[in-house]
Student: 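Pasting a structure here, questions to come.
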Amino acid sequence: MRKKLLLGNWKMNKTREETKVFALGSLALSALAELHGIDIGVAPAYLSLPVVKKYNPNLLVASQNVHYQPSGAYTGEISIAMLKEINITWAIIGHSERRTYDNETSERCNLKIKALLANEMTPVYCVGETLAQFEKNETKKVIKEQISAGFSEISSENAAKVVVAYEPVWSIGTGRNASSEIAQDVCSYIRGLLREKYGEVAEQIRILYGGSVKPENIKTYLSTADIDGALVGGASLSIESFKELINNMI
Ligand code: PEP
């Protein structure tokens with residue numbers, strides 16, 4: 001049985017002070033989520049990672065990115081050792097904004113996923129097609145390439161530790177969420193690809209949907225066979241809306 005997961009992606013939002021207010025406000029939510037067997041967490045900006053840890057140690061905390069090299073001349077980047085030093089063990093990899101603005105390729109994501117797994121950390125690997133690809137009916141072709149490259153040279157033991165997030169680019173931050181039918185169809189396709197490669201292990205891999213998820217639509221995704229939770233941007237920023245998301249997952 002796969003545990004449900006709600007992960008908020010804060011992108012470049014919230015100062016450390018605003019993060020502290022949210023983290024303190026989320027203490028009761030962590031208890032509620034635990035009671036109902038749901039994992040909840042957030043991915044704040046780098047400077048706020050230790051702030052969440054300090055004020056709500058029960059919230060899962062993910063970095064929004066990480067470099068695959070242990071150290072070196074990579075201006076503006078962050079290393080696995082730096083994250084581990086402050087007890088951060090999760091990282092989002094290949095978010096569409098990084099694929100679009102930072103030329104993040106699936107091959108580069110694979111290097112990051114392998115580096116994280118080698119350090120016993122959890123990657124949340126984002127995949128998804130652009131609007132043009134969706135309109136040309138190329139969704140599954142794109143997803144197949146992204147899954148194949150992202151999971152290259154990853155053992156089945158390690159594959160079970162990866163979380164996949166299906167995020168159609170046309171639905172991120174647009175208010176145009178994919179229908180639960182479309183999302184389930186693609187997530188089931190992803191699980192099928194993982195089953196071809198890893199057999200039964202695919203049943204353990206958590207697959208999230210992301211893209212304009214709101215308290216009013218989260219339930220429809222969670223009631224499908226292959227969607228195990230959500231990666232949420234805008235609606236994860238206020239504590240009230242985060243609480244409603246959790247309540248509607250229960
Ligand atoms: C995201 O940032 O991954 C995301 C899905 O954003 P939003 O929920 O705002 O569409």
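Each ligand, and each atom within it, is numbered from 1 in the order the structure gives. Treat the numbers as computed from the prediction; the structure is a model and nothing was measured. All residue numbers in this chain count up from 1 along the given sequence.
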Student: Using the test salt bridge (charged side-chain N to carboxylate O under 4.0 Å, His left out), find all partners of E153 that sit at least two apart in sequence or belong to another chain.
Tutor: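 Residues passing salt bridge (charged side-chain N to carboxylate O under 4.0 Å, His left out) with E153: K114.
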Student: Tell me whether K140 forms a cation-pi arrangement with Y189, defined as NZ or CZ under 6.0 Å from the six-membered ring centre and within 45 degrees of its axis.
Tutor: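 Yes.
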Student: Going by atom type alone, with no hydrogens or angles, which donor-acceptor pairs under 3.5 Å involve a side-chain atom of residues 234-248 and a protein atom two or more places apart or on another chain?
Tutor:
unit_1	atom_1	unit_2	atom_2	d
S236	OG	V232	O	3.1
S236	OG	G233	O	2.8
S238	OG	S241	N	3.0
S241	OG	A235	O	2.4
N248	ND2	P215	O	2.8
N248	ND2	E244	O	3.4

Student: Quick check against the 3.5 Å criterion: does H36 have a side-chain atom that pairs as donor or acceptor with the backbone of I38?
Tutor: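 It does not hold such a pair.
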Student: Does the side chain of E129 come under 3.5 Å of the side chain of W170 through a donor N or O and an acceptor N or O?
Tutor: yes
Student: Using a 3.5 Å cut-off and no angle test, enumerate the donor-acceptor pairs between side-chain atoms of residues 40-55 and protein atoms at least two apart in sequence or in another chain.
Tutor:
unit_1	atom_1	unit_2	atom_2	d
S48	OG	T19	OG1	3.0
K53	NZ	N87	O	3.2

Student: What residues come within 4.0 Å of ligand 1, counting heavy atoms only?
Tutor: N9, K11, H95, E167, S171, I172, G173, G210, G211, S212, L231, V232, G233, G234
